[in-house]
Amino acid sequence: MSIPYRFEQTATAAEVAARWDHLGAGEESGHAVAVAGRVMLSRPQGRLAFAELRDSSGAVQLFSLASVTKEFEAFTRLRLGDWVGARGEVVRTKRGELSVKVDEWVVLAEARLPFGDKWRGVTDVETRYRQREMDLWANPKSRERLLLRSLLVRRMRERLWDRGFVEVETPILHPIPGGAHARPFVTHHRALDTDFYLRIAPELYLKRLVVGGFERVFEIGRLFRNEGLSPRHNPEFTTLELYQAYADYEDVMVLVEELTAELALDLCGATAITYQGRPLDLAPPWRRATMAELVEEATGVALSVHTPRHTLAEHAQQLGVAVEPAWGPGKLLLEVYEKTAEPTLWDPVFVRDYPAEVSPLARRHRADPELTERFEAVVAGRELANAFSELNDPDDQRARFEEQSAQHAAGDEEAMVVDAEYLRALEHGLPPTGGLGVGIDRLAMLFADATNIREVISFPTMRPERARRAEDGEDPEAGETGLRPEP
RNA sequence: GCGCCUCUAGCUCAACGGCAGAGCAACGGACUCUUAAUCCGCAGGUUCGGGGUUCAAAUCCCCGGAGGCGCACCA
């Protein structure tokens with residue numbers, strides 16, 4: 001049987017269901033359609049045969065009769081997973097199932113490999129992640145999660161366009177990894193004989209675009225961090241970063257809470273959603289609290305960046321934090337916050353006014369130079385967004401870079417290094433700007449009610465399948481060369 | 001990186017020191033209204049790999065691999 005190059009589909013399963021819903025049992029519509037999809041169930045029954053055809057919109061039953069259907073015998077031998085195109089009249093069977101009574105049909109692709117258990121599908125997580133194409137057919141929920149993610153990104157773009165933001169693309173190959181505190185992947189460019197780093201954040205380039213006159217920009221794209229995998233971390237992940245000239249972090253808070261609530265309405269139909277069985281209300285306004293306030297709430301002790309270092313160190317140690325000598329009060333306060341307050345947070349809260357020591361790209365707080373105008377949005381106990389009034393003073397930025405650089409030299413591989421190009425850009429003048437980063441995978445998890453980031457990534461990062469054979473000392477290609485010593 | 005758990009037929013799972021099994025899928029057959037169709041028949045295995053203990057190992061022990069969860073990391 002030859003496979004055609006195209007098939008003229010005139011209706012989807014969902015369209016058939018909607019348009020001929022009114023047909024009564026045993027009734028015939030008099031209308032022919034052409035449908036296509038994958039055979040998910042097959043019930044041959046002598047001179048009759050039924051098959052469930054699934055397409056991206058839903059499923060419709062194919063009803064085949066030996067007296068009507070061409071190549072009826074072959075139809076009864078269709079296997080689960082075969083792609084089929086079928087033309088015929090829309091009817092409702094005597095038992096009440098809306099069907100296409102097949103006149104002509106054609107195989108569009110054979111499923112050579114079996115398709116798993118028709119009832120229980122495929123549940124083995126390794127198979128589900130490594131062979132996602134199989135998971136998507138076997139488990140409708142997997143498809144729904146990826147669809148939801150797609151819609152999330154689409155709506156996010158639309159909401160930002162509506163607000164006058166311009167979508168841009170900035171380099172993924174960075175000569176200097178910057179914009180975040182993370183270990184990079186390294187690669188090499190032959191012609192330039194130079195190492196490049198896959199970006200750990202687009203931040204610095206986006207702010208350079210603001211310097212260049214793009215007053216509202218955003219980028220949705222992939223970031224790469226050479227760190228551990230976990231149910232909440234994938235080495236490559238997607239973020240939204242945006243920058244708004246003339247705005248400060250208070251303005252960004254309003255944007256974040258409004259945008260999130262709008263997306264919740266788009267995707268879940270309400271701002272009050274349920275995550276992991278627990279109610280979560282995303283309606284603005286969200287609570288705003290300083291890090292110091294939250295620490296005091298959680299511990300009963302008033303601590304801040306102005307608390308003597310040894311006092312902070314004592315508290316941190318009591319909490320089991322391995323305090324390092326290089327840490328100042330800011331880092332210690334952050335550690336205490338993360339151990340005590342952060343795990344208790346559930347409803348959305350803007351945790352604001354982070355220590356300057358741990359925020360090298362954020363502008364100093366207008367009321368306290370030891371703090372910055374930075375916040376993280378914590379929702380359902382997770383960091384969903386990180387934002388600040390951007391540091392636009394080139395001298396201060398240089399000083400912060402140099403502090404980071406000293407930490408890098410002292411062995412902190414994740415500390416930043418001085419980025420002269422970026423400093424030169426700041427010398428040309430960055431207006432007051434509010435900036436924001438949002439983890440799109442985590443946002444998708446929230447709306448999809450998923451606990452594992454891999455559920456919202458089409459092909460999550462896995463150890464390569466060939467690793468085992470290589471470890472065993474086998475050359476995977478040895479058997480495929482066809483070259484054998486003569487006996 | 002550390003700890004715990006998992007790995008048996010294409011898929012989903014039993015057997016837990018004593019002959020490696022079932023359902024579904026596949027394959028052959030019956031069946032003119034099925035709905036996870038039903039019925040009859042047939043076939044399917046390096047029990048993740050390697051080593052050890054034992055009369056006997058899927059099962060117990062050791063090493064390795066892959067995966068999951070938690071911790072650490074991810075400011």
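For the numbers below, each heavy atom of this structure counts, side chains included, while hydrogens, waters and symmetry mates do not. Chain naming here is simple, since letters A, B, ... match the order of the sequence lines and numbering starts at 1 in each.
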Once Watson-Crick and G-U wobble pairs under 3.5 Å are found, how is RNA chain B written in dot-bracket notation, 5' to 3', with | for any base paired to another strand?
-> (((((((..((((....[..))))..((((.......))))......(((((..]....))))))))))))....

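- Using a 3.5 Å distance cut-off with no hydrogens or angles, the side chains of Thr238(A) and Arg149(A) do pair a donor with an acceptor.
- Within the nucleic acid shown, Thr93(A) comes within 4.0 Å of at least one base atom, counting heavy atoms only.
- Residues that satisfy the side chain to side chain donor-acceptor pair (under 3.5 Å) test with Thr274(A), not counting sequence neighbours, are absent from this structure.
- As rounded to the nearest Å, C60(B) and G28(B) have C1' atoms that lie 43 Å from one another.
- Within 4.0 Å of Pro235(A), counting heavy atoms only, lies no atom of the nucleic acid at all.
- Between Asn452(A) atom CG and C69(B) atom C1' there is a gap of 10 Å when expressed in whole angstrom units.
- Comparing the C1' positions of C2(B) and C73(B) gives an interatomic distance of 12 Å, to the nearest angstrom.
- Rounded to whole Å, atom C1' of C69(B) lies 16 Å from atom CD1 of Ile453(A).
- The Glu414(A) side chain lies nearest to C73(B) when the options are C33(B), A37(B), C73(B).
- Here, C5(B) and U38(B) have their C1' atoms 41 Å apart, quoted to the whole Å.
- Using P as the reference atom, U8(B) and G67(B) are 15 Å apart when rounded to the nearest Å.
- For the pair Glu27(A) and Arg92(A), the salt-bridge criterion is not met [side-chain N within less than 4.0 Å of a carboxylate O].
- Looking at Asp117(A), its side chain has no donor and acceptor atom pair within 3.5 Å of the base of G10(B).
- Residue contacts shown for Pro44(A) include a base, since a base heavy atom lies under 4.0 Å away.
- In this structure, the side chain of Asn139(A) does not engage the main chain of Thr123(A) through any donor-acceptor pair within 3.5 Å.
- The CZ-P distance, from Arg79(A) to A26(B), rounds to 8 Å in whole Å.
- Residue Glu338(A) is classed as a sugar-phosphate contact, given heavy-atom separations below 4.0 Å to backbone atoms only.
- The separation of C48(B) from A58(B), taken at their C1' atoms, amounts to 12 Å, rounded to a whole angstrom.
- Following rounding to the nearest Å, Phe50(A) (CZ) and U38(B) (P) show an atom-to-atom distance of 14 Å.
- The P atoms of A43(B) and G23(B) are separated by 14 Å, rounded to the nearest whole Å.
- To the nearest angstrom, C1' of C33(B) lies 14 Å from CZ of Arg92(A).
- Under the 30°/60° scheme for interplanar angles, the aromatic rings of Tyr422(A) and Phe401(A) are found to stand perpendicular.
- Aromatic ring orientation, Phe350(A) versus Phe375(A): perpendicular (interplanar angle above 60°, classes split at 30° and 60°).
- Judged purely by distance below 3.5 Å, without hydrogens or angles, the side chains of Asp124(A) and Thr127(A) pair a donor atom with an acceptor atom.
- Note on ring orientation: taking the six-membered ring where Trp is involved, the planes of Tyr205(A) and His174(A) are tilted (angle from 30° to 60°).
- Taking every side-chain heavy atom of Lys118(A) into account, A36(B) is the closest of A36(B), C33(B), G67(B).
- Of the P atoms belonging to C62(B) and G41(B), the separation is 46 Å, rounded to the nearest Å.
- On the P atoms, A75(B) is 36 Å away from U12(B), given to the nearest whole Å.
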